[in-house]
Structure formats: C-alpha cells, structure tokens
Amino acid sequence: MRGVLGALGGPVKLSTPEICGAVFPHGGTAAHLSSVRRALRVLHAEGVVCCLGADLGGFKVWCLRSRRHLLDAYGQPHGGVTLGELLGTRGNWVTRALLSSR
C-alpha cells in the first residue's frame, strides 16, 4: 500500500498497470498486478484513493482523493483555462458544427 501511495503522490492519475510498473520497476507479474489491485481496493474502501473511471484499455484509473480537486472532470491536470478560451473567437464554428443537425 505504501508503494501505491508513493506512486500516486502528485497531482497525477495512473492506471492500475502504471501503478504496478511504478511499484515493481523490474517488471510486474500477474501476482504483482493482483497485489496492486488488492491494495487499491483497500485504499478505496478507506477513502484514500478514488477511481476516475477506465482508460481505453479497460483498466481503472486512480488518483489520491486529496489531489482530486487538482484534476478537471476528465482527469486532466486543471490549468484553469476553458475550451472556449483556448479556441478564442474562432471556436464558434466548432460549436455550430457539433450542434448542427446536418
């Protein structure tokens, strides 16, 4: 459990295999992955970590509950910039294209 908490120490999100790779850097086996999952279940039950959903590979993605506020709704580091601010005034065509019925 200490290794899992160490891997999740920053404002980061990691999948279960990524945590396993951080805890067991010399290559994790199926038994190592199982022990990381067991530790995550216990830490989740205690309210220390939270699950952010799953990645494209189907593995759960985790972060520390105390660092959850540093990530936005999609689990990305929060930079305080909205999509509209990134696109500027030229972003209006994107909204129209997405909302168009054609």
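Along the sequence shown, residues carry numbers from 1. Just so it is clear, the structure is predicted and the values come from calculations on it, not from any experiment.
Scanning both residues, His44 and Val49, for their nearest heavy atoms gives ND1-O, 3.3 Å.
With sequence neighbours excluded, the residues forming a side chain to side chain contact (heavy atoms under 4.5 Å, CB included) with Ala22 are Ala7, listed by chain and number.
The stretch residues 29-42 participates, sequence neighbours left out, in these side chain to side chain donor-acceptor pair (under 3.5 Å) pairs: Thr29-His32. Evaluation of the side chain to side chain donor-acceptor pair (under 3.5 Å) test over residues 51-65, restricted to residues two or more places apart or in two chains, returns Thr16-Trp62.
Cluster membership for Val48 and Val4, using ILVMFWY side-chain heavy atoms within less than 4.5 angstrom, is shared. Put simply, Leu64 and Met1 are part of the same group of oily side chains (I, L, V, M, F, W, Y) that touch within less than 4.5 Å, one to the next. No continuous path of hydrophobic side-chain contacts links Leu8 to Phe59 [ILVMFWY only; heavy atoms under 4.5 Å].
Formation of a donor-acceptor pair under 3.5 Å by the Glu46 side chain with backbone atoms of Leu43 is not found in this model.
When side chains are defined from C-beta on, Leu52 counts as touching Cys63, because their heavy atoms get closer than 4.5 Å. A 4.5 Å side-chain heavy-atom check between Val36 and Phe24 finds at least one atom pair inside the cut-off.
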